Chemist: 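Handing you a structure now.
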Amino acid sequence: MSLLRHRDFVRLWTGDTLSQFGASIGQFAVPALAVTQLAATPFEVGALTAAETAAFLLVGLPAGVLVDRLRRRPLMLRTDFCRFALLLTIPVAWWLHVLTVGQLIVVALLVGLLTVFFDVAYQSYLPSLVGREHIVEGNAKLQVSQSAAQVSGPALSGLLVQAVGAATSVLATAFGFLASALFLLRIRTAEPEPVRGERRGMRAEIAEGLRFVLHQPTLRGITFCTGTSNLFSSISGAAMLLFLIRQLGVSTGLAGLLMSAAGVGATLGGLIATRLARLFGQARIIWLSQLAAAPFGILMPLAQPGWAVCLFALSGLGWGFGAIVYNVAQVSYRQAICPDHLLGRMNASVRFLVWGTLPIGGLIGGGLATWLTPRGALWVGAVGGILAVGWLLASPLRTMRDLPTTQAA
């Protein structure tokens, strides 16, 4: 049965789609607010980028233990409502003329903390909602929503920023999280109770999750590749808006349009990810997609004012396509081989290792944009992204075709 007939999955998917659209707008509007209205320095922009993901270093591992101990849907609901409330403070502070870069950083950090718990619970919740036989299809559909949001989010955000201001545009992000919560409330499928085994303490349970990830050669290769890629993509991400607006001199509307090209590629990748997995193999496509996508990063720092600004969009198009195919394949691989009682800790351990590099990359990117110029930071990000593929080529994935049929011990 297609998941399009699974009512509760459709509710989850619809809520996630609205949330992704809101989040995509916020990912452009908040830095644009700092750059265009609050005169943020390159390092402050890097700090803001780092704050959005620093929580994966701070609470990433304990989050996995708590997710395995709790029912996941109620936890997701609480985080959505809290993120909605926090983001409302940005436009309110702007209207009261008291908004500062410091507040943006604090809100980004707190929203990031809640996002850690939501994301770990979310990836651990999907297999129990749709069944393991549908996780590739489910992940592909969810990634299509994320990709569609990446297509229209930056472009729409750029237009919103020009029309109503960056601070007011943040309301779209807040209401996206509220919509996600309202659709989650409508899910009727009973969630299994967490396994009530003997609890050995937070440290021991965290260690069990880390051992599962690091002792599996394929999972270790995927994790190190994603972590390295995220480090260098975060370096690039901290410099992108500065590069487009201050170095190339484009408007916020055009900057949003150029950045949405990555979403176009991601949407195309999400639509055919399942087909590509069948054609090349569900395991083989993991490294093939990264190998094909990474070189596109070189085109971004080659962009110039005039027609050559299109190289920025072409870079995002190719990278976005490969990234989504990779994510659908590797997330499905992780969910397929992991026992149910370890899903939360496995996902949290992977997120800690791969997303924990993002705040480091943001700070490095801000520093490099100051020292080498934003273009120089983009060059560093592009070269590092290519090197990240080496982890996959050195792993057993290179000789595998499909997902394993049994869970790892």
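Bear in mind the structure is a predicted one, so any value in this text is a computation, not a measurement.
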Chemist: For F118, enumerate each residue passing the ring-ring contact (aromatic ring centres under 6.0 Å, His included) test, keeping only those at least two apart in sequence or located in another chain.
Modeler: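 Listed in chain order: Y122.
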
Chemist: Kindly write out the residues that satisfy side-chain hydrogen bond (donor to acceptor under 3.5 Å, both in side chains) with S234, not counting sequence neighbours, or none if the list is empty.
Modeler: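 Once residues adjacent in sequence are excluded, S234 has no partner under the side-chain hydrogen bond (donor to acceptor under 3.5 Å, both in side chains) criterion.
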
Chemist: Which residues satisfy the side-chain hydrogen bond (donor to acceptor under 3.5 Å, both in side chains) test with R73, sequence neighbours excluded?
Modeler: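 With neighbours one apart ignored, the set is empty.
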
Chemist: Would you say S315's side chain and F296's backbone share a donor-acceptor pair under 3.5 angstrom?
Modeler: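 At least one qualifying donor-acceptor pair exists.
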
Chemist: Would you mind reporting whether R398 and R284 have side-chain heavy atoms less than 4.5 Å apart?
Modeler: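 R284 does not reach R398 side chain to side chain.
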
Chemist: Return the CE to CG distance between M76 and L12, rounded to the nearest 0.5 Å.
Modeler: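 It is 5.5 Å, given to the nearest 0.5 Å.
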
Chemist: Evaluate F212 against L219 for side chain to side chain contact (heavy atoms under 4.5 Å, CB included), listing each step before the verdict.
Modeler: CA-CA 9 Å; F212 182 82; L219 274 184; 3.6 Å; yes

Chemist: Kindly indicate whether the side chain of F312, heavy atoms from C-beta on, has any atom under 4.5 Å from the side chain of L302.
Modeler: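 The answer is no; the side chains never approach within 4.5 Å.
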
Chemist: Could you tell me if the side chain of L214 sits less than 4.5 Å from the side chain of L353, heavy atoms only?
Modeler: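 In contact.
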
Chemist: Report the residues that fulfil side-chain hydrogen bond (donor to acceptor under 3.5 Å, both in side chains) with T218, sequence neighbours left out, ordered by chain and then residue number.
Modeler: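 T218: side-chain hydrogen bond (donor to acceptor under 3.5 Å, both in side chains) contacts with Y333.
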
Chemist: Do R334 and Q330 meet the criterion of a side-chain donor-acceptor pair at a distance under 3.5 Å?
Modeler: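 There is such a pair between these side chains.
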
Chemist: Distance from L114 atom CG to L75 atom CG, nearest 0.5 Å?
Modeler: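 One finds 9.5 Å between CG of L114 and CG of L75.
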
Chemist: Would you check if I187 and R7 make a side-chain contact, meaning some heavy-atom pair closer than 4.5 Å?
Modeler: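 No, their side chains stay 4.5 Å or more apart.
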
Chemist: So how far is it from L77 CG to R71 CZ, rounded to the nearest 0.5 Å?
Modeler: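 Answer for the CG-CZ pair, L77 versus R71, is 10.0 Å.
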
Chemist: Decide yes or no for L113 and T79: does some side-chain heavy atom of the first lie under 4.5 Å from some side-chain heavy atom of the second?
Modeler: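 A side-chain contact under 4.5 Å is absent here.
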
Chemist: Can you confirm whether more than 12 heavy atoms, excluding those of R246, are under 6.0 Å from its CZ atom?
Modeler: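 Correct, the count exceeds 12.
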
Chemist: Mind listing the side-chain donor-acceptor pairs of residues 94-106 below 3.5 Å, one per line with the distance, residues two or more places apart or on another chain?
Modeler:
from : atom 1 : to   : atom 2 : distance (Å)
T100 : OG1    : G102 : N      : 3.4
T100 : OG1    : Q103 : N      : 3.1
Q103 : NE2    : T89  : O      : 3.2

Chemist: Tell me, which pairs form a ring-ring contact (aromatic ring centres under 6.0 Å, His included) where one or both residues lie in residues 377-398, sequence neighbours left out?
Modeler: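 Of all non-adjacent pairs touching residues 377-398, those that pass ring-ring contact (aromatic ring centres under 6.0 Å, His included) are F224-W391.
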
Chemist: Measure the shortest side-chain to side-chain distance between P396 and P217 over non-hydrogen atoms and say whether it is less than 4.5 angstrom.
Modeler: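 Yes. Closest side-chain heavy atoms under 4.5 Å.
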
Chemist: For the residue pair L87 and V111, establish whether any side-chain heavy-atom pair is separated by less than 4.5 Å.
Modeler: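 In contact.
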
Chemist: Taking salt bridge (charged side-chain N to carboxylate O under 4.0 Å, His left out) as the test, write out the residues that go with R375, two or more places apart.
Modeler: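 Salt bridge (charged side-chain N to carboxylate O under 4.0 Å, His left out) check on R375 returns nothing, list empty.
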
Chemist: Side chain of D8, backbone of R188: donor and acceptor closer than 3.5 Å?
Modeler: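 Such a contact is found between D8 side chain and R188 backbone.
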
Chemist: Would you please name every residue forming a ring-ring contact (aromatic ring centres under 6.0 Å, His included) with F183, sequence neighbours left out?
Modeler: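 By the ring-ring contact (aromatic ring centres under 6.0 Å, His included) rule, F183 matches no residue at all.
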
Chemist: Distance only, no hydrogens: is a donor on one side chain within 3.5 Å (strictly under) of an acceptor on the other, for Y326 and T226?
Modeler: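 A pair is found: one side chain offers a donor N or O, the other an acceptor, under 3.5 Å apart.
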
Chemist: Side chain to side chain contact (heavy atoms under 4.5 Å, CB included) for Q290 and C225? Distances and angles first, verdict last.
Modeler: CA-CA 9 Å; Q290 278 291 87; C225 171; 3.6 Å; yes

Chemist: The criterion is side chain to side chain contact (heavy atoms under 4.5 Å, CB included); which residues satisfy it with R275, sequence neighbours excluded?
Modeler: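 Scan of R275 (side chain to side chain contact (heavy atoms under 4.5 Å, CB included), adjacent residues dropped) gives I272.
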
Chemist: Only counting residues at least two apart or in another chain, list the ones meeting side-chain hydrogen bond (donor to acceptor under 3.5 Å, both in side chains) with R83.
Modeler: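 Counting only residues at least two positions away or on another chain, R83 forms a side-chain hydrogen bond (donor to acceptor under 3.5 Å, both in side chains) with D80, T115.
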
Chemist: Could you check whether any side-chain N or O of Q247 sits under 3.5 Å from a backbone N or O of L244, counting only pairs where one atom can act as donor and the other as acceptor?
Modeler: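 No: the side chain of Q247 does not pair with the backbone of L244.
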
Chemist: Closest heavy-atom contact between S236 and A382?
Modeler: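 Looking at all heavy atoms of both residues, the shortest contact is OG-N, 4.2 Å.
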
Chemist: For S349, what residues pass the side chain to side chain contact (heavy atoms under 4.5 Å, CB included) criterion, not counting sequence neighbours?
Modeler: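 With neighbours one apart ignored, the set is L61, L210, V213.
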
Chemist: Side chains of L268 and I324, heavy atoms from C-beta outward: is any pair under 4.5 Å?
Modeler: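 Counting from C-beta outward, L268 and I324 never come under 4.5 Å.
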
Chemist: Check side chain to side chain contact (heavy atoms under 4.5 Å, CB included) between F232 and all other residues, then give those that pass, not counting sequence neighbours.
Modeler: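 Once residues adjacent in sequence are excluded, the partners of F232 under the side chain to side chain contact (heavy atoms under 4.5 Å, CB included) criterion are T228, I235, V380.
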
Chemist: Minimum heavy-atom separation for A238 to G362, with atom names?
Modeler: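 Scanning both residues, the minimum pair turns out to be CB-O, 3.7 Å.
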
Chemist: Is the backbone of R186 close enough, under 3.5 Å, to the side chain of R11 for a donor and an acceptor to pair up by distance?
Modeler: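 Indeed, once roles are kept as given, a pair shorter than 3.5 Å links the two residues.
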
